[in-house]
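Following: one structure in structure tokens, then a few remarks.
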Amino acid sequence: MPELPEAETIVRGLRASVLRQTIRRVEVVRPDILRQPKADFLRRVRGRRIESVGRRGKKVLIGLDGDGLIVVNLGMTGRLLPFPVVPRGESRPGHPAVRFRFEGTGLLVFDDTRRFGSVEVLTDSEWQTRSASMGPEPLDSGYTAGNLFDGLQHSRTPVRSWLLDQKRIAGVGNIYANEALYLAGVHPRREARDVRRQEAVALHRSIRRVLRDAIRAGGTTIRDYRNAEGQPGQYARRLYVYGRDDEPCLKCRTEVQRMVFANRSAFYCPTCQPSRSER
DNA sequence: AGTGTATCCTGCAGGC
DNA sequence: TGCCTGCAGGATACAC
């Protein structure tokens with residue numbers, strides 16, 4: 001569920017409560033979300049101090065003193081809830097997977113209803129390798145429309161699938177891929193390599209705009225997403241096409257269509273996003 | 001290389 | 001009310 005803006009919102013909210021905390025005890029309620037044997041995980045995390053909280057793509061990075069970091073993949077329903085910051089009522093559904101208990105009273109819970117998320121501890125060197133296998137950060141100042149256009153050239157996959165591939169661009173998920181394509185006027189099923197330079201420029205702009213606006217709104221809550229204060233994001237009301245099938249396009253009143261490919265729903269306006277580019 | 005499909009898992013909405 | 005189906009912000013593995 002959470003894409004880049006949701007991960008970013010969580011990271012910002014988490015800093016105040018977990019930075020400089022020392023992990024005293026760890027309870028692994030759901031061992032299946034660990035990407036390594038529980039004993040290894042515990043040994044490498046216990047007693048460590050949290051020195052940084054960051055993000056790469058959709059992943060939340062919890063930097064530890066000395067070498068190493070905890071990498072959290074939120075999956076569809078993952079939440080990082082620091083207590084006692086989060087009001088009691090907000091933890092209601094309650095599918096705790098891992099509890100990090102800090103020295104003193106603090107507690108950070110990774111909660112994940114569907115358990116598609118994962119938690120692992122890596123060395124800095126292991127993380128470097130992992131990070132290098134991921135695509136560029138779309139919000140980095142160094143990420144240009146030219147980079148996007150060049151990347152698209154080599155692929156025949158539908159442009160929506162291209163945007164969802166974390167090895168090609170980091171952090172874009174199904175909501176923001178659909179929104180960005182709508183704003184750029186590009187049909188989600190167009191072959192990536194058929195996207196023209198001018199369209200790539202528009203798409204580059206719309207990806208960055210959508211991600212930045214969504215961060216500003218605290219992310220999109222459809223159902224499960226909550227930030228580190230247990231609160232929903234406000235971007236859902238600003239969506240143009242995602243989840244709006246059968247409703248009128250906000251620009252031209254044509255009915256927004258829903259189409260499934262690569263096992264995911266795509267939403268688009270057939271008028272604003274023609275399936276073939278015009279020459 | 002790309003795509004369609006299935007899988008992991010739980011919860012919820014809608015139809016009957 | 002209850003049962004069934006389909007659907008969900010992700011990621012991966014498989015056969016073709």
Side-chain angles (χ1 to χ4, degrees), chain A residues 1-11 29-35 55-60 71-80 91-98 110-120 130 133-135 138 151-182 188-194 207 210-211 213-215 217-227 231-246 258-267:
Chain A
M1 115 254 151
E3 309 180 28
L4 185 154
E6 290 74 32
E8 179 64 28
T9 303
I10 287 170
V11 161
V29 183
R30 293 290 195 169
D32 56 332
I33 66 107
L34 294 182
R35 289 258 190 108
R55 172 192 67 74
R56 171 88 167 93
K58 306 171 185 175
K59 297 180 197 301
V60 174
V71 180
V72 179
N73 191 332
L74 297 158
M76 290 281 245
T77 52
R79 300 175 179 183
L80 282 166
S91 64
R92 244 173 335 204
H95 290 269
V98 181
F110 176 65
D111 189 282
D112 187 6
T113 305
R114 293 176 70 183
R115 303 208 303 284
F116 288 175
S118 65
V119 176
E120 61 189 321
R130 178 78 59 86
S133 73
M134 298 171 62
L152 292 167
Q153 291 319 289
H154 307 293
S155 175
R156 303 183 58 166
T157 202
V159 61
R160 200 276 314 254
S161 301
W162 193 97
L163 291 172
L164 292 186
D165 186 342
Q166 301 301 299
K167 295 187 292 299
R168 294 170 152 145
I169 183 168
V172 178
N174 204 28
I175 293 179
Y176 302 114
N178 279 287
E179 293 297 305
L181 288 164
Y182 170 79
R189 202 152 197 182
R190 292 258 308 279
E191 273 189 22
R193 65 178 189 177
D194 284 349
I207 289 168
V210 161
L211 295 177
D213 285 354
I215 290 171
T220 303
T221 296
I222 302 293
R223 177 176 293 132
D224 300 293
Y225 167 69
R226 294 289 123 94
N227 66 17
Q231 302 299 319
Q234 298 303 314
Y235 196 74
R237 65 177 106 179
R238 313 235 325 248
L239 297 173
Y240 285 93
V241 286
Y242 186 86
R244 294 193 65 249
D245 48 319
D246 302 336
R258 172 175 172 266
M259 160 192 269
V260 177
F261 63 92
N263 255 352
R264 318 288 302 270
S265 291
F267 301 90

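All values reported here derive from a predicted model rather than from experimental measurement. Below, chains carry the letters A, B, ... as their sequence lines are ordered, and counting in each starts from 1.
As rounded to the nearest Å, C:dC3 and B:dC8 have C1' atoms that lie 24 Å from one another. Nucleotides C:dG6 and B:dT5 have their P atoms positioned 14 Å apart, rounded to a whole Å.
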Per-nucleotide protein contact string for nucleotides 10-16 of chain B, where B marks a base within reach and S marks sugar-phosphate only (heavy atoms under 4.0 Å, - for neither): BS-----

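Here the C1' atom of nucleotide C:dG9 and the CD atom of A:Q166 are 11 Å apart, to the nearest Å. One can place CZ of A:R226 at 16 Å from P of C:dG9, the figure rounded to the nearest angstrom. Atom CG of A:N174 and atom C1' of C:dA11 are 13 Å apart (whole Å). A straight line from CG of A:D111 to P of B:dC9 spans 17 Å, rounded to a whole angstrom. Going from atom CG of A:L164 over to atom P of C:dA11 covers 9 Å, rounded to whole Å. The NZ-P distance, from A:K59 to C:dG9, rounds to 18 Å in whole Å. Here the P atom of nucleotide B:dT3 and the CE atom of A:M259 are 13 Å apart, to the nearest Å. Summarising the geometry, the separation between CD1 on A:I222 and C1' on C:dG9 is reported as 7 Å, rounded to the nearest angstrom.
Closest non-hydrogen pair, A:P138 versus A:L4, comes out as CG-CD1, 4.0 Å. In plain terms, the two heavy atoms of A:N174 and A:L164 that are nearest each other are N-CD2, 3.4 Å. Taking each heavy atom of A:F110 and A:G117 in turn, the nearest pair found is CZ-CA, 4.3 Å. Shortest non-hydrogen contact noted between A:T9 and A:G219 is OG1-N, 4.0 Å. Scanning both residues, A:I33 and A:R115, for their nearest heavy atoms gives CG2-CB, 4.0 Å.
When heavy atoms are screened at a 4.0 angstrom cut-off, A:S118 is found touching no nucleic acid atom at all. Here A:Y176 lies out of heavy-atom contact (under 4.0 Å) with every strand. Here A:R189 lies in heavy-atom contact (under 4.0 Å) with sugar-phosphate atoms only.
By the rule that a glycosidic angle within 90° of 0 means syn, C:dG6 does not qualify and counts as anti.
Using a cut-off of 4.0 Å between Lys/Arg side-chain N and Asp/Glu carboxylate O, A:D213 and A:R238 are scored as salt-bridged.
Stem analysis of DNA chain C (Watson-Crick or G-U pairs, both distances under 3.5 Å, runs of at least three) returns B:2-8 with C:10-16, B:10-16 with C:2-8.
OP1 or OP2 of B:dG2 has at least one side-chain nitrogen or oxygen of A:S155 nearer than 4.0 Å. Proximity of A:S161 to the phosphate of B:dG2: no side-chain N or O atom is located under 4.0 Å from OP1 or OP2. Here A:T221 does not reach the OP1 or OP2 of C:dG9: none of its side-chain N or O atoms lies under 4.0 Å away.
For A:T221, the side chain to side chain contact (heavy atoms under 4.5 Å, CB included) partners at least two apart in sequence or on another chain are A:Y225, A:R226, A:P232.
Each of A:K58 and A:R258 has a nearest nucleotide on DNA chain C; the 5'-most of these lies closest to A:R258. Heavy-atom nearest nucleotides on DNA chain B were determined for A:D32 and for A:R168, and the one closer to the 5' end corresponds to A:R168.
Comparing atom distances between the A:E3 side chain and each of B:dT5, C:dG9, B:dT3 picks out C:dG9 as nearest.
Aromatic stacking of A:F261 on B:dT3: not satisfied for centres closer than 5.5 Å together with planes under 30 degrees.
Not a single donor-acceptor pair, N or O on each side, falls under 3.5 Å between the base of C:dA11 and the side chain of A:N73.
At a threshold of 4.5 Å between non-hydrogen side-chain atoms, the residues A:H95 and A:R30 do not count as touching.
With no hydrogens or angles considered, no side-chain donor-acceptor pair links A:T77 and A:R114 at under 3.5 Å. Side-chain contact check for A:E6 and A:Y235: no donor-acceptor pair (N or O, by modelled atom type) lies under 3.5 Å.
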Run the side chain to side chain contact (heavy atoms under 4.5 Å, CB included) check on A:V72 and A:I10 step by step: do they pass? CA-CA 11 Å; A:V72 179; A:I10 287 170; over 6 Å; no

